[in-house]
There are 2 protein chains.
Amino acid sequence: MKAFSSYQNPALAIDLVVFGYHEKTLSVLLLNRKEAPFKDQWTLPGAFLQMEESFLQTCSRILQTKLGMDNVYLEQLYSFDDPARDPRGRVISVTYYALVNPSKFQIVAGQMANDAQWFNVQETPALGFDHQDIFDKALQRLKAKILYFPVGFQLLDELFTMPELHELYECILGISIDRRNFRRKILDAEYIINTGAKREGSQNRHPDLYKFNKQLKQNNFQLNIS
Amino acid sequence: MKAFSSYQNPALAIDLVVFGYHEKTLSVLLLNRKEAPFKDQWTLPGAFLQMEESFLQTCSRILQTKLGMDNVYLEQLYSFDDPARDPRGRVISVTYYALVNPSKFQIVAGQMANDAQWFNVQETPALGFDHQDIFDKALQRLKAKILYFPVGFQLLDELFTMPELHELYECILGISIDRRNFRRKILDAEYIINTGAKREGSQNRHPDLYKFNKQLKQNNFQLNIS
DNA sequence: CTTTATTTGTGTCAAAATAACGCAAACGAA
DNA sequence: TTCGTTTGCGTTATTTTGACACAAATAAAG
């Protein structure tokens with residue numbers, strides 16, 4: 001096979017957009033590079049894929065060794081191919097985004113980075129490589145996704161209050177949402193997920209703390225917020 | 001840099017799910033492999049990424065040399081990473097799906113394939129590699145996408161009738177949609193795209209043949225079909 | 001502890017969007 | 001022409017959404 005002898009293959013990197021939510025602020029985790037290229041500039045955490053690794057294993061390795069976290073929500077985002085995106089040579093980047101609860105993790109700077117730090121997504125510094133494009137795409141995806149899939153709670157504690165979830169949505173979407181209509185839509189959506197049926201009136205008393213069942217199939221989640 | 005010397009990089013392939021619509025049938029283009037692995041089995045068209053190529057250039061090369069088509073709608077789908085997905089060794093596959101009008105193209109079997117053929121998406125043969133997963137994901141994406149983005153007409157002639165578009169949607173989604181409500185929703189959505197305003201009453205006389213403007217930004221397209 | 005202010009839970013109602021369907025004009029075949 | 005079918009246009013009932021009133025619960029202040 002050509003591809004395994006005469007052809008040279010591009011390097012393949014995994015880059016992560018790690019989102020965290022804390023005190024009404026959506027943040028992204030960035031690393032300050034210790035080495036060229038883009039020395040002393042901020043970039044997304046990443047690593048080269050090893051020959052025997054799956055994408056998710058590389059993700060775990062990045063999260064574990066560089067950041068000391070693991071077992072978080074991960075979703076493949078997009079693959080970036082600009083031949084000039086890395087000055088060292090041809091590097092394809094397969095990207096994922098992660099949703100974590102920052103209060104559960106202690107950031108540790110890895111070998112590659114001087115510093116690891118949370119940045120408010122509204123106030124990110126200039127990013128090296130094409131990481132601004134990656135970050136933009138991730139934020140766009142997250143905004144779209146929380147409207148039709150219950151991923152938002154991944155950024156909160158396992159138990160959360162309705163106002164907490166409400167604030168999270170307002171923060172991520174950057175709009176204000178009527179508190180009472182939001183509540184109704186969330187409960188309706190969750191009810192459909194859990195029972196398959198439509199919620200009529202106030203069929204059930206609700207607790208102070210909510211919890212989304214991550215096991216059940218989570219289709220039919222549609223918030224229709226405008 | 002490690003990645004450029006001591007590390008070996010996986011091969012990187014581009015695989016395409018080419019959809020075509022003809023006579024009330026949504027089809028996918030498959031190739032019958034001439035060589036091992038999966039000799040004489042059907043697979044998606046694909047090629048290895050060349051060092052200096054962008055993804056889209058590889059897509060064009062596949063479409064041109066193997067199928068004699070070009071200048072079609074292409075969208076990145078997903079990247080597949082199972083270490084065992086190719087028996088020859090580690091191959092990452094970045095996949096795209098394409099929407100073409102089959103009546104405009106003449107299928108030509110390429111060097112790699114004995115035969116290239118359209119298959120009804122409901123009656124696809126067993127596929128080699130992990131191409132069934134790729135195909136499933138593409139069909140799922142297409143079904144979701146036509147509900148919030150005007151891509152369906154890419155499968156039709158530039159000018160098309162409303163019943164043609166209606167049939168296309170019913171066929172892809174596999175459901176029946178009220179003809180009159182569908183018409184209204186399409187016209188509403190197109191009106192918003194073109195003018196930015198909401199359509200009131202029947203503000204405009206409509207021609208027998210329709211045409212979607214591909215230049216304008218196509219947000220706000222939301223069919224809400226259930 | 002009370003009293004007061006703020007936050008949160010629940011229900012109502014008008015407006016908007018959607019689904020269901022009637023009807024006539026246009027078209028094609030007999 | 002006539003008849004059957006397809007296509008375009010509209011109306012109405014139902015559902016969903018957005019805006020908001022009000023009471024219960026919680027937190028803060030005296």
Side-chain angles (χ1 to χ4, degrees), chain A residues 23-24 146-148 152-153 156-157 159-171 173-212 219-226, chain B residues 23-24 146-148 150 152-153 156-157 159-171 173-193 195-212 219-226:
Chain A
E23 291 180 353
K24 307 184 186 183
I146 58 171
L147 294 180
Y148 68 89
F153 66 91
L156 300 173
D157 291 329
L159 294 174
F160 52 88
T161 68
M162 192 56 76
E164 279 168 359
L165 190 65
H166 178 238
E167 259 173 6
L168 172 68
Y169 270 75
E170 288 195 327
C171 174
L173 296 174
I175 60 174
S176 75
I177 305 168
D178 184 278
R179 176 179 62 84
R180 294 149 288 189
N181 293 335
F182 175 81
R183 177 190 170 78
R184 176 169 40 115
K185 287 181 179 181
I186 291 286
L187 292 178
D188 284 353
E190 201 211 7
Y191 190 87
I192 290 178
I193 288 174
N194 287 323
T195 69
K198 201 179 63 176
R199 205 167 70 104
E200 305 279 0
S202 62
Q203 294 189 340
N204 40 0
R205 287 268 146 269
H206 299 296
D208 292 345
L209 292 173
Y210 297 90
K211 177 180 167 182
F212 278 14
N219 307 326
N220 304 349
F221 186 94
Q222 186 78 35
L223 288 189
N224 278 87
I225 288 167
S226 58
Chain B
E23 291 181 352
K24 306 185 186 181
I146 58 170
L147 294 180
Y148 68 88
F153 67 90
L156 300 174
D157 291 328
L159 293 174
F160 52 87
T161 68
M162 193 56 75
E164 278 170 0
L165 191 65
H166 178 239
E167 258 172 8
L168 172 68
Y169 270 75
E170 288 195 329
C171 174
L173 296 174
I175 60 175
S176 74
I177 305 167
D178 184 276
R179 179 176 59 84
R180 294 147 289 188
N181 293 335
F182 175 81
R183 176 190 170 80
R184 178 167 40 90
K185 285 181 179 180
I186 291 287
L187 293 177
D188 284 353
E190 200 210 6
Y191 191 87
I192 290 177
I193 288 174
T195 69
K198 200 177 64 176
R199 205 167 71 103
E200 305 278 1
S202 63
Q203 294 190 342
N204 40 0
R205 287 268 146 271
H206 298 297
D208 291 344
L209 292 172
Y210 297 90
K211 178 180 167 182
F212 278 13
N219 306 327
N220 303 349
F221 186 93
Q222 185 79 34
L223 287 190
N224 278 87
I225 288 168
S226 57

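Just so it is clear, the structure is predicted and the values come from calculations on it, not from any experiment. To find a chain, count down the sequence lines: A is the first, B the second, and so on, and within it residues start at 1.
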*Which one, D:dC9, C:dT18, D:dT17, comes nearest to the side chain of B:Arg184?*
C:dT18
*Nearest-Å distance, CD1 (B:Ile177) to C1' (C:dT18)?*
14 Å
*When the distance from CD of A:Glu164 to P of D:dT26 is rounded to whole Å, what number comes out?*
15 Å
*When the distance from CG of B:Asn181 to C1' of D:dC9 is rounded to whole Å, what number comes out?*
12 Å
*Could you state the CZ-P distance from A:Arg183 to D:dA25, rounded to the nearest angstrom?*
13 Å
*Side chain of A:Asp178, backbone of A:Arg180: donor and acceptor closer than 3.5 Å?*
yes
*Choose from C:dG9, C:dG22, D:dA19 the nucleotide whose nearest atom is closest to any side-chain atom of A:Asp178.*
D:dA19
*Would a 4.5 Å heavy-atom cut-off, applied to side chains only, mark B:Glu170 and B:His166 as touching?*
yes
*Tell me: NE2 of A:His166 to C1' of C:dT10, nearest whole Å?*
16 Å
*Would you tell me if any nitrogen or oxygen in the side chain of B:Arg179 comes within less than 4.0 Å of OP1 or OP2 on D:dG8?*
no
*To the nearest 0.5 Å, how far apart are CD in B:Glu164 and CG in B:Leu156?*
6.5 Å
_Euclidean distance, atom CD1 of residue A:Ile186 to atom P of D:dT17 [Å, nearest integer]_ = 13 Å
*Respond yes when some side-chain nitrogen or oxygen of A:Lys185 is under 4.0 Å from OP1 or OP2 of D:dT16, and no when none is.*
no
*B:Arg180 CZ - D:dT6 P separation (whole Å)*: 13 Å
*Please report, rounded to the nearest Å, how far the C1' atom of C:dG9 is from the CZ atom of A:Arg199.*
11 Å
*Please state whether the rings of B:Phe160 and B:Phe153 are parallel, tilted or perpendicular, taking 30° and 60° as the class boundaries.*
parallel
